[in-house]
Amino acid sequence: MIFYSVSPFATPYREQLGRSEYQPSNYQASWRQVRDQFPKNKNLDAARFPRAGSENRDFEPESTSGFRHRSEVAVFDLTPPSSVFSEGDTIVEHLRLSVYPHGTALLECVWRIEEPDFTALNGDLVDIHERVLESVGGTVQFLLASLSSLAFDAGILAKLPAKTSATAQLSPRWTSGAMILDAEVVPHTSVAEWLGAQGLEDAEIAQFCSGDRSQVATWMRYVYRIAGARSSSLLDSQEIRPMRYCQYIYAAAEIADEGLSVALGRSYDNVRHREVSAVRTTLNESANRLRVLDLEHSALLKKISPGERSAIAQILTHWEFSDLVVTPAEAKGTAARERLAELTSRNQRTAALISEVILLGIALTSLFATVLALMQYGRSMVSDPTYSSYAQESGSFLDQLSGVSTNAMLIGTFTICIVLSAAYLAVKMRDR
């Protein structure tokens with residue numbers, strides 16, 4: 001019996017936003033550069049770079065009937081031609097690693113179990129994926145590092161991702177599984193055990209078993225009836241493509257939402273003045289990535305067939321994607337924009353205060369300098385015989401100024417500075 005399973009996981013690979021839309025021809029040329037420079041060996045001969053192969057701006061042919069809009073296809077995928085994992089009577093016959101532009105990758109497995117134990121299979125599914133990830137972890141790390149480095153050199157990435165632990169990068173967020181049937185007759189109880197029957201009516205399972213329905217689903221578990229199903233072609237079947245896309249869009253939105261949550265939390269945690277710029281950049285990038293992801297999703301839905309659009313809508317509705325991810329993300333995006341406005345306003349107030357303090361300091365220094373200059377000038381003029389004879393007849397302000405002691409003049413000037421500073425502080429406190 002054939003089974004399909006998929007696990008999304010987070011990666012540090014995040015493309016520069018807007019690059020593919022603003023400069024589409026340069027973007028595709030950059031991907032051709034990455035493709036041509038990518039390491040070559042027999043294990044990587046099946047690597048594909050979907051965004052490097054078409055000169056058309058809006059479409060990227062993947063198959064004659066599948067998704068063709070380039071927003072759907074991964075930036076990179078690898079499908080090794082032979083079995084990569086086996087344990088007991090469980091054989092992973094085909095595996096595909098797909099890397100997407102918004103910090104997300106998918107690991108898909110097509111595996112076969114001749115006599116499955118449906119009761120234990122749900123737990124086995126997660127274990128199988130974890131062991132597969134463990135067995136190919138080194139290769140995945142190498143692929144991600146090579147892809148990121150080449151994409152950065154080609155200008156696709158704004159910055160080179162920081163190195164993180166392999167465990168953090170390859171930890172599956174969840175594992176979804178589907179049982180694939182052709183003409184097999186599977187008992188009602190076996191289907192119910194596989195699905196877990198969470199919120200599922202027995203009538204729906206009965207309709208599937210009788211052939212009235214081609215698929216039935218619960219949370220993270222699915223059963224498909226695909227005529228002529230073969231493990232070799234399952235990954236590109238029209239039933240699996242919508243599932244793959246939904247896994248990607250849900251995981252990518254959730255990862256971006258989590259990044260925005262972290263950035264928001266940091267922005268409220270007594271951000272120092274010198275950290276405001278970095279926090280603002282992080283908030284902007286996270287909020288904008290969520291917005292771009294939503295725009296790409298909307299663009300994709302306009303380009304695919306009605307059947308695939310209906311399948312995507314059905315899956316995302318079943319997952320409550322709008323209520324659990326989109327709506328909270330929009331609320332966080334609004335909060336991020338409000339917090340950005342607050343940080344910007346605070347930054348502007350701080351900059352204005354610093355400017356005013358500098359100007360006040362200049363003014364007070366100038367006052368001291370002017371007083372000292374007048375005293376020195378007055379005394380030098382009084383000591384001039386020519387000026388003294390004139391001053392005896394008419395009197396002069398300089399005579400009076402030169403008669404004031406230096407200590408008295410400095411104390412008086414200092415007092416004036418204190419009064420001006422107090423007046424400035426009073427005005428600032430009133431305006432707060």
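Quick caveat, the model's predicted, so the values are computed rather than measured.
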Under 3.5 Å, which donor-acceptor pairs link side chains of residues 249-257 to any protein atom two or more places apart or in another chain?
{"residue": "E254", "atom": "OE1", "partner": "R173", "partner atom": "NE", "Å": "3.4"}
{"residue": "E254", "atom": "OE1", "partner": "R173", "partner atom": "NH2", "Å": "3.1"}
{"residue": "D257", "atom": "OD1", "partner": "K332", "partner atom": "NZ", "Å": "3.4"}
{"residue": "D257", "atom": "OD2", "partner": "K332", "partner atom": "NZ", "Å": "3.0"}

Pairs of donor and acceptor atoms involving the side chains of residues 367-374, under 3.5 Å and at least two apart or interchain, shall be tabulated with distances.
{"residue": "T370", "atom": "OG1", "partner": "S366", "partner atom": "O", "Å": "2.7"}

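For the residue pair E308/S305, the side-chain donor-acceptor check at 3.5 Å is satisfied. Residues T175 and S7 bring a donor and an acceptor atom of their side chains to less than 3.5 Å of each other.
Judged as a salt bridge (Lys or Arg N to Asp or Glu O under 4.0 Å), not a single pair has a partner in residues 313-330 (not counting sequence neighbours).
Under a cut-off of 6.0 angstrom, the local environment of NZ in K302 is sparse, with at most 12 non-hydrogen atoms contributed by other residues, nucleotides or ligands.
Between Y248 and H297, the gap from one ring centroid to the other reaches at least 6.0 Å. Taking the six-membered ring for Trp and the full ring otherwise, Y100 and F76 have centroids separated by 6.0 Å or more.
H102 and L293 make their closest contact through CD2-CD1, 3.4 Å (heavy atoms, listed as atom of the first residue, atom of the second, distance).
N288 meets the side chain to side chain contact (heavy atoms under 4.5 Å, CB included) test with L17, N284, R291; sequence neighbours excluded. Under the rule for a side-chain hydrogen bond (donor to acceptor under 3.5 Å, both in side chains), E239 has no partner lying at least two apart in sequence or in another chain. Legend: residues meeting side-chain hydrogen bond (donor to acceptor under 3.5 Å, both in side chains) with Y224, ordered by chain and number and at least two apart, are absent. Scored by the side chain to side chain contact (heavy atoms under 4.5 Å, CB included) test, S310 finds no partners at all (sequence neighbours excluded). Taking the side-chain hydrogen bond (donor to acceptor under 3.5 Å, both in side chains) definition, one finds that S30 meets it with R19, sequence neighbours left out. In this structure Y4 satisfies the ring-ring contact (aromatic ring centres under 6.0 Å, His included) test with no other residue, sequence neighbours excluded. F142 meets the ring-ring contact (aromatic ring centres under 6.0 Å, His included) test with no other residue; sequence neighbours excluded. Applying the side chain to side chain contact (heavy atoms under 4.5 Å, CB included) test to V262 and every residue at least two apart in sequence or in another chain returns nothing. Scanning for side-chain hydrogen bond (donor to acceptor under 3.5 Å, both in side chains) contacts around S176 gives Q247, with sequence neighbours left out.
A salt bridge links R96 and D236; the closest N-O separation between the charged side-chain nitrogens and carboxylate oxygens is under 4.0 Å.
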